[in-house]
Amino acid sequence: MPILPSALFTRRTIATACVTGSLVLGPAAYGSHTPGPPALGTPTSASASMPSGGNPSATPMPGMSPGNGLSAQQDGYTLTSPTATLPAGKAATYRFTITGPGGTPVTAFALNQTRRLHFYVIRSDLTGFQHLHPTMTGDGTWTAHLAPLQPGHWRLFTQFTPDTGPGKGRDFVLSRTLTVPGTAATTALPPPSASTMVDGYTLTLRGNLKAGMMSPLTVTIRKDGKSVTDLQPYLDTYAHLTAFHQGDQAFAHLHPQTKAAGGHGGPTLDFMVGLPASGNWRLFLQFQTAGTLHTAAVTLHVR
Ligand SMILES: [Cu+2]
């Protein structure tokens, strides 16, 4: 199959969230538990179609988006890289800089979830997810070590907060495309589901998500039929959520309000999620147990 035209890819969207017991974006705090959100479906259901009823817990999203994440440039800040293609099937190095309004590389970044820059890799069919933390040299050159990529069209996202200049304190998400030559075998997006498995863990999702609204999303983690309570802090939280969207260019940036306070999170993770567009989202939920990072993926439908 030939590589998909990149125009298709520009319609993808990324959203990220990191969560502990409670993740909040905007003025409406997700306080003590009101009656939980309705189930997306039974754990074995292949469908996660949303109930048609209203969601009393949903609130409008605040207008503080850092952008849709699909541009290499925003408000004078630019993601620059000499690399537009990388070989297939082998680990590769990707170097880039973030230049500021003056055109020189930014070297001062604020810590965000314990890191100065978060880097995400996704293929046009929403497979091949990687979440990396590149290193920076003194001149502002970042180096990311990518795991082997399959042929196709990819998008590489940077998420950062400048600590100097006119963008100081603002959250940015900038991205560039990358082509990996070869015969691309694309994978159909799995249908929406209320549960998924990874490494023997079963994750069950409950929520009633509506585009443009902040809504609670609850994820429960079980293993061998038992509740998992040994989640370890990962990037200051008990779970890291990254979401990519099909068919819309809007971007949602979510961040945690509370941090992991101990080494025993779980089994329930409460997210406050605002996804700006309806349709299907591919969620990648990362959590850590016994020093091992697990990455679960599930497709979520947003009304
Ligand atoms: Cu990160």
Side-chain angles (χ1 to χ4, degrees), residues 12-20 23-25 65-70 72 74 77 79 81 91-98 106-123 126-137 140-147 149 154-163 167 169-176 178 198 219 231-245 251-260 265 269 271-273 275 281-289 291-298:
R12 313 289 172 174
T13 294
I14 179 178
T16 68
C18 296
V19 175
T20 60
L23 173 84
V24 178
L25 174 70
S65 167
N68 64 22
L70 295 173
Q74 183 188 351
Y77 288 82
L79 169 60
S81 175
T93 297
Y94 185 82
R95 289 193 175 83
F96 61 94
T97 57
I98 306 293
V106 177
T107 58
F109 295 88
L111 283 174
N112 186 344
Q113 295 163 227
T114 77
R115 304 290 181 154
R116 300 198 186 280
L117 188 139
H118 301 264
F119 190 87
Y120 307 99
V121 178
I122 196 77
R123 202 170 77 146
L126 308 187
T127 63
F129 172 74
Q130 296 182 39
H131 173 191
L132 307 172
H133 298 109
T135 54
M136 189 189 75
T137 53
T141 300
W142 291 89
T143 301
H145 297 286
L146 277 61
L149 302 171
W154 295 77
R155 190 170 280 272
L156 312 177
F157 292 86
T158 57
Q159 179 185 18
F160 60 89
T161 304
D163 205 26
R170 283 187 52 196
D171 295 334
F172 285 83
V173 179
L174 303 178
S175 67
R176 295 182 67 88
L178 180 79
V198 61
V219 179
L231 299 183
Q232 297 175 321
Y234 169 63
L235 302 178
D236 262 1
T237 73
Y238 287 122
H240 186 285
L241 178 64
T242 309
F244 299 89
H245 182 249
F251 168 80
H253 177 220
L254 303 109
H255 55 85
Q257 187 169 61
T258 55
K259 296 182 177 182
L269 303 164
F271 296 75
M272 203 63 190
V273 174
L275 298 175
W281 293 75
R282 190 66 171 164
L283 271 58
F284 296 91
L285 195 140
Q286 298 182 283
F287 60 96
Q288 183 173 302
T289 57
T292 299
L293 185 65
H294 311 284
T295 302
V298 65

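Every number for a ligand or one of its atoms is a count from 1 in the order of the listing. Treat the numbers as computed from the prediction; the structure is a model and nothing was measured.
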>> When you compare the side chain of M136 with that of F109, does any pair of heavy atoms fall below 4.5 Å?
In response: yes
> Using the ring of each side chain (for Trp, its six-membered ring), is F119 parallel, tilted or perpendicular to F96, with breaks at 30° and 60°?
Replying inline: parallel
> How many N, O or S atoms of the protein are nearer than 2.8 Å to the Cu ion (ligand 1)?
Replying inline: 3
> Who passes side-chain contact (heavy atoms from CB on, under 4.5 Å) against R282, sequence neighbours left out?
Replying inline: L126, L189, P190, F284, A297, T299
> Got a sec, which residues hit side-chain contact (heavy atoms from CB on, under 4.5 Å) with T161, two or more places apart in sequence or on another chain?
Replying inline: A110, N112, D171
> Side chains of R95 and T141: do they bring a donor and an acceptor to under 3.5 Å?
Replying inline: no
> Excluding sequence neighbours, so at least two apart, what forms ring pair (Phe, Tyr, Trp, His ring centres under 6.0 Å) with H133?
Replying inline: H118, H131
